[in-house]
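Inspection log for the structure reproduced underneath, given as structure tokens.
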Amino acid sequence: MCLILFGYKVSKKYPLILAANRDEFYQRPTQSMHIWKELPFILAGKDLEQGGTWLGINKNTGRFAALTNYRDPATIRPNAPSRGAIIIDFLKTDKGAKPHFNDFKKYAPAYNGFNLLAGSKDELYWFSNIKNAFEEIPQGVHGLSNHHLDTPWPKVTSGKKTLKNIIDESVAVDALFSMLNDQHIPDDGQLPDTGVGMDWERLLSPLFIQSPGYGTRSSTVMLMDNNGHIEVTERTYQPENKSNYSDLTFSFTPDY
């Protein structure tokens, strides 16, 4: 993912509300969200180049994880292990998020920079290998892009504001997708300097990205209610045309 907006324990009906965009090069091969044949308890999309995922859910336990890259081109190591495998390893384990990632900490520096959101409707954590931090997330509306949790980049700030209004009014899936479709480009003075140059900072600044060769490939909305029921919809877009899309919806209640 490149943008994750979520409300944690702020809705009376849904302890966890998540809305996220995945931005990627159009030519990178991808399989949409599905039940993995080799791991039938995992619901996730698949990066067919490296075999990992950007967001996944364990259908048996209700645990999930989602990952964003940390944007700093100067630190990228071409031979680093795939970050998408971090999610699958967590979903496969019987350990909770806290013990699993406390054990994982010693391996985290080997990966290129990432942020990980992991947990369930009852506990939620943020893990950054740049900060070497594993922190419990407090109740509230939060945003995670390609820096740290709640870094006030324009897309994070505006997304959090819109998400709060959606939660205050009524949690409508259509409204969450509409939020994720925002293509507003902020003024240059509001943009961060992450080392990619101003042209790329502008291109990457909206919630929804469209450009030749790179953009928002899919959006995901996930709702977990008080009874543990999970509904997740993945919307996949045709390259460079956000009006042409297809939806996949999964609805289930884990065993807990």
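Here, residue 1 is the first one in the sequence, and each next residue gets the next number.
- Between Leu5 and Val141 the shortest side-chain heavy-atom distance does not fall below 4.5 Å.
- Taking each heavy atom of Lys9 and Asp122 in turn, the nearest pair found is NZ-O, 3.3 Å.
- Taking 4.0 Å as the cut-off between side-chain N and carboxylate O, Lys160 and Asp150 count as a salt-bridged pair.
- A distance-only check finds no donor-acceptor pair linking the side chain of Asn244 to the backbone of Gln238 [under 3.5 Å].
- Taking the ring axis of Phe114 as reference, the NZ or CZ atom of Arg83 does not stay both within 45° of it and closer than 6.0 Å to the ring centre.
- Separation of atoms CG (Asn112) and CD1 (Ile76) is listed at 4.0 Å; rounding is to 0.5 Å.
- Ile87 and Thr53 make their closest contact through CD1-O, 3.5 Å (heavy atoms, listed as atom of the first residue, atom of the second, distance).
- One N or O on the side chain of Tyr26 and one on the backbone of Tyr214 form a donor-acceptor pair closer than 3.5 Å.
- Using modelled atom types, no side-chain atom of Thr157 and backbone atom of Pro154 make a donor-acceptor pair closer than 3.5 Å.
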Check the pair Ser219, Tyr245 against side-chain contact (heavy atoms from CB on, under 4.5 Å), reporting the backbone distance first and the verdict last.
-> CA-CA 10 Å; Ser219 300; Tyr245 62 82; over 6 Å; no
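- At distances below 3.5 Å, not a single donor-acceptor pair connects side-chain atoms of Thr151 with backbone N or O atoms of His147.
- Atom CG in Asn181 sits 9.5 Å away from atom OG in Ser243 (nearest 0.5 Å).
- The aromatic rings of Tyr111 and Phe104 are tilted relative to each other, their planes meeting at an angle between 30° and 60°.
- Looking only at distances, a side-chain donor or acceptor of Ser82 sits under 3.5 Å from a matching main-chain atom of Gly84.
- A donor-acceptor distance shorter than 3.5 angstrom exists from the side chain of Asn58 to the backbone of Thr61, with no hydrogens or angles considered.
- Remark: Lys95 pairs with Asp103 by the salt bridge (Lys or Arg N to Asp or Glu O under 4.0 Å) rule, at least two apart or across chains.
- Heavy-atom minimum distance, Met33 versus Leu55: CE-CD2, 3.9 Å.
- For Val156 against Ser145, the heavy-atom pair with the smallest separation is CG2-CB, 3.7 Å.
- For Lys98, the NZ atom is loosely surrounded, since the number of other residues' heavy atoms within 6.0 Å does not exceed 12.
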side-chain contact (heavy atoms from CB on, under 4.5 Å) between Leu204 and Asp23, intermediate numbers included | CA-CA 9 Å; Leu204 298 172; Asp23 308 327; 5.7 Å; no
Asn146 vs Trp153, side-chain contact (heavy atoms from CB on, under 4.5 Å): CA-CA, chis, key distance, verdict = CA-CA 9 Å; Asn146 302 114; Trp153 286 3; 3.9 Å; yes
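- Note: His229 and Phe252 fail the aromatic proximity criterion, with ring centroids not under 6.0 Å apart.
- For the residue pair Thr249/Glu231, the side-chain donor-acceptor check at 3.5 Å is not satisfied.
- Across Thr30, Thr216, Thr220, a single residue satisfies side chain to side chain donor-acceptor pair (under 3.5 Å) together with Arg22, and that is Thr30.
- Nearest heavy-atom pair across Ser205 and Ile185 is OG-CG2, 3.6 Å.
- Counting non-hydrogen atoms of neighbouring residues, nucleotides and ligands closer than 6.0 angstrom, the NZ atom of Lys164 reaches no more than 12 such neighbours.
- Listed by chain and residue number, nothing satisfies the side-chain hydrogen bond (donor to acceptor under 3.5 Å, both in side chains) test with Thr93 (two or more places apart in sequence, or in another chain).
- Taking the ring centre of Phe41 as origin, the terminal cationic atom of Lys59 falls outside the region bounded by 6.0 Å and 45° from the ring axis.
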Can Met222 and Ile57 be said to form a side-chain contact (heavy atoms from CB on, under 4.5 Å), step by step?
-> CA-CA 10 Å; Met222 182 172 68; Ile57 308 158; 3.5 Å; yes
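- Note: Thr68 OG1 to Leu149 CG = 9.5 Å, rounded to the nearest 0.5 Å.
- In the hydrophobic clustering of ILVMFWY residues, with side-chain heavy atoms under 4.5 Å counting as a link, Leu67 and Ile88 come out together.
- In this structure, Trp126 has its ring center at least 6.0 angstrom away from the ring center of Phe101.
- With values rounded to the nearest 0.5 angstrom, Asn115 atom CG is found 10.0 Å from Lys131 atom NZ.
- Among residues two or more places apart in sequence or in another chain, the side-chain hydrogen bond (donor to acceptor under 3.5 Å, both in side chains) test is passed with Glu123 by Tyr125.
- With hydrogens and angles ignored, the 3.5 Å screen pairs a side-chain donor or acceptor of Asn226 with a backbone N or O of Lys12.
- Here Lys13 does not pair with Asp225 in a salt bridge; the nearest charged N to carboxylate O distance is not below 4.0 Å.
- Counting heavy-atom neighbours within 6.0 Å of Asp193 CG, excluding the residue itself, gives a total of 12 or less.
- A salt bridge is absent between Arg217 and Glu234; no separation between the charged side-chain nitrogens and carboxylate oxygens falls under 4.0 Å.
- The main-chain N or O of Ala44 is found under 3.5 Å from a side-chain atom of Trp36 such that the two form a donor-acceptor pair.
- Aromatic rings of Tyr70 and His148 (six-membered ring for Trp) have centroids within the 6.0 Å cut-off, being under it.
- The backbone N or O of Gly189 sits nowhere less than 3.5 Å from a side-chain atom of Asp187 that would complete a donor-acceptor pair.
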